[in-house]
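One structure is given below, encoded as structure tokens.
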Amino acid sequence: MLELKIFIDEGDMYGGKPLAEHIMRYFMHHEIRGATIFAALAGYGHKHHLHSPKQIGNVDEAPLLIMAIDDEEKILKILPHIKDVIEEGLIVTSRVDEQ
């Protein structure tokens with residue numbers, strides 16, 4: 001099994017729609033076993049700009065973490081498209097034990 005983690009921002013878009021929604025629909029279309037989107041309270045990336053959307057008056061977008069787990073072959077098959085649609089963000093894969 002392989003875990004795929006994708007770090008993006010809430011406002012990231014692809015084809016005029018939210019990137020997170022595109023990714024989730026892509027996972028569903030390719031029958032990935034399961035995926036979840038987590039919205040963070042705060043975070044920063046390589047530009048060291050702190051995103052903390054919950055502060056009053058702040059217009060920052062929430063940092064998002066999208067996680068999916070499936071057989072290694074299936075994750076590796078969808079990975080090229082995921083890399084193509086992410087302009088700024090981070091993609092991490094790691095092996096997991098199946099219970």
Side-chain angles (χ1 to χ4, degrees):
M1 301 286 286
L2 201 61
E3 177 184 51
L4 173 62
K5 293 179 185 174
I6 304 166
F7 297 84
I8 59 173
D9 286 331
E10 182 179 32
D12 291 348
M13 305 292 281
Y14 179 78
K17 294 186 177 181
L19 177 59
E21 179 183 333
H22 170 78
I23 291 170
M24 291 298 278
R25 291 189 184 280
Y26 187 79
F27 287 167
M28 291 170 64
H29 177 77
H30 287 84
E31 300 179 353
I32 298 301
R33 280 189 195 177
T36 304
I37 299 175
F38 298 93
L41 297 176
Y44 70 90
H46 69 281
K47 294 181 183 177
H48 294 266
H49 170 75
L50 182 62
H51 296 270
S52 49
K54 298 295 181 193
Q55 293 178 351
I56 295 174
N58 196 342
V59 295
D60 273 348
E61 302 157 345
L64 300 179
L65 167 59
I66 304 172
M67 291 179 58
I69 298 175
D70 208 324
D71 295 324
E72 183 173 353
E73 311 84 58
K74 287 180 80 174
I75 296 294
L76 293 177
K77 183 178 178 181
I78 65 165
L79 200 51
H81 177 73
I82 299 302
K83 288 179 179 180
D84 285 345
V85 301
I86 297 193
E87 292 180 17
E88 288 189 24
L90 180 65
I91 300 168
V92 178
T93 58
S94 56
R95 296 192 193 294
V96 295
D97 295 327
E98 186 173 1
Q99 296 294 325

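As a member of the Ile/Leu/Val/Met/Phe/Trp/Tyr network built from side-chain separations under 4.5 Å, Met28 groups with nothing else and remains a singleton.
Of all heavy-atom pairs spanning Glu10 and Leu64, the tightest one is CA-CD1, 3.6 Å. The shortest heavy-atom contact between Pro80 and Lys77 is CD-O, 3.5 Å. The minimum heavy-atom distance linking Ala62 with Ala40 is given by the pair CB-O, 4.1 Å. Summarising the geometry of His22 relative to Val85, their closest heavy-atom pair is NE2-CG1, 4.0 Å, with the distance given to 0.1 Å. Contact record, Val96 with Glu3: CG1-CB, 3.7 Å, taken as the closest heavy-atom pair. What you find for Asp9 and Pro63 is that their closest heavy atoms are OD1-CA, 4.0 Å.
Note: the hydrophobic cluster containing Tyr26 also contains Leu2 (ILVMFWY, side chain heavy atoms under 4.5 Å, direct or indirect links). Under a hydrophobic clustering in which Ile, Leu, Val, Met, Phe, Trp and Tyr are joined whenever their side-chain heavy atoms come within less than 4.5 Å, directly or via other members, Leu65 and Ile86 fall into different clusters. In the hydrophobic cluster analysis, where Ile, Leu, Val, Met, Phe, Trp and Tyr join through side-chain heavy atoms closer than 4.5 angstrom, Val92 is grouped together with Met67. Taking hydrophobic clusters as Ile, Leu, Val, Met, Phe, Trp and Tyr residues chained together by side-chain heavy-atom distances below 4.5 Å, Leu90 does not share a cluster with Ile69. Leu19 and Leu79 fall within the same hydrophobic cluster, defined by Ile, Leu, Val, Met, Phe, Trp and Tyr side-chain heavy atoms under 4.5 Å apart, directly or through other members.
Ile91 places a side-chain heavy atom less than 4.5 Å from the side chain of Lys83.
Arg95 CZ to Met1 CE: the interatomic distance, rounded to the nearest 0.5 Å, is 12.5 Å. Atom CD1 of Ile32 sits about 12.0 Å away from atom CD1 of Ile23, to the nearest 0.5 Å.
Under the 30°/60° scheme for interplanar angles, the aromatic rings of Tyr14 and His81 are found to stand perpendicular.
In this structure, the side chain of Lys74 engages the main chain of Glu31 through a donor-acceptor pair within 3.5 Å.
Checking each of Asp70, Ile75, Ile66 against Phe27 for a side chain to side chain contact (heavy atoms under 4.5 Å, CB included) leaves exactly one that passes, namely Ile66.
Pairs of residues two or more places apart, or lying in two chains, that qualify as salt bridge (Lys or Arg N to Asp or Glu O under 4.0 Å) and include a residue from residues 13-27 are Glu21-Arg25.
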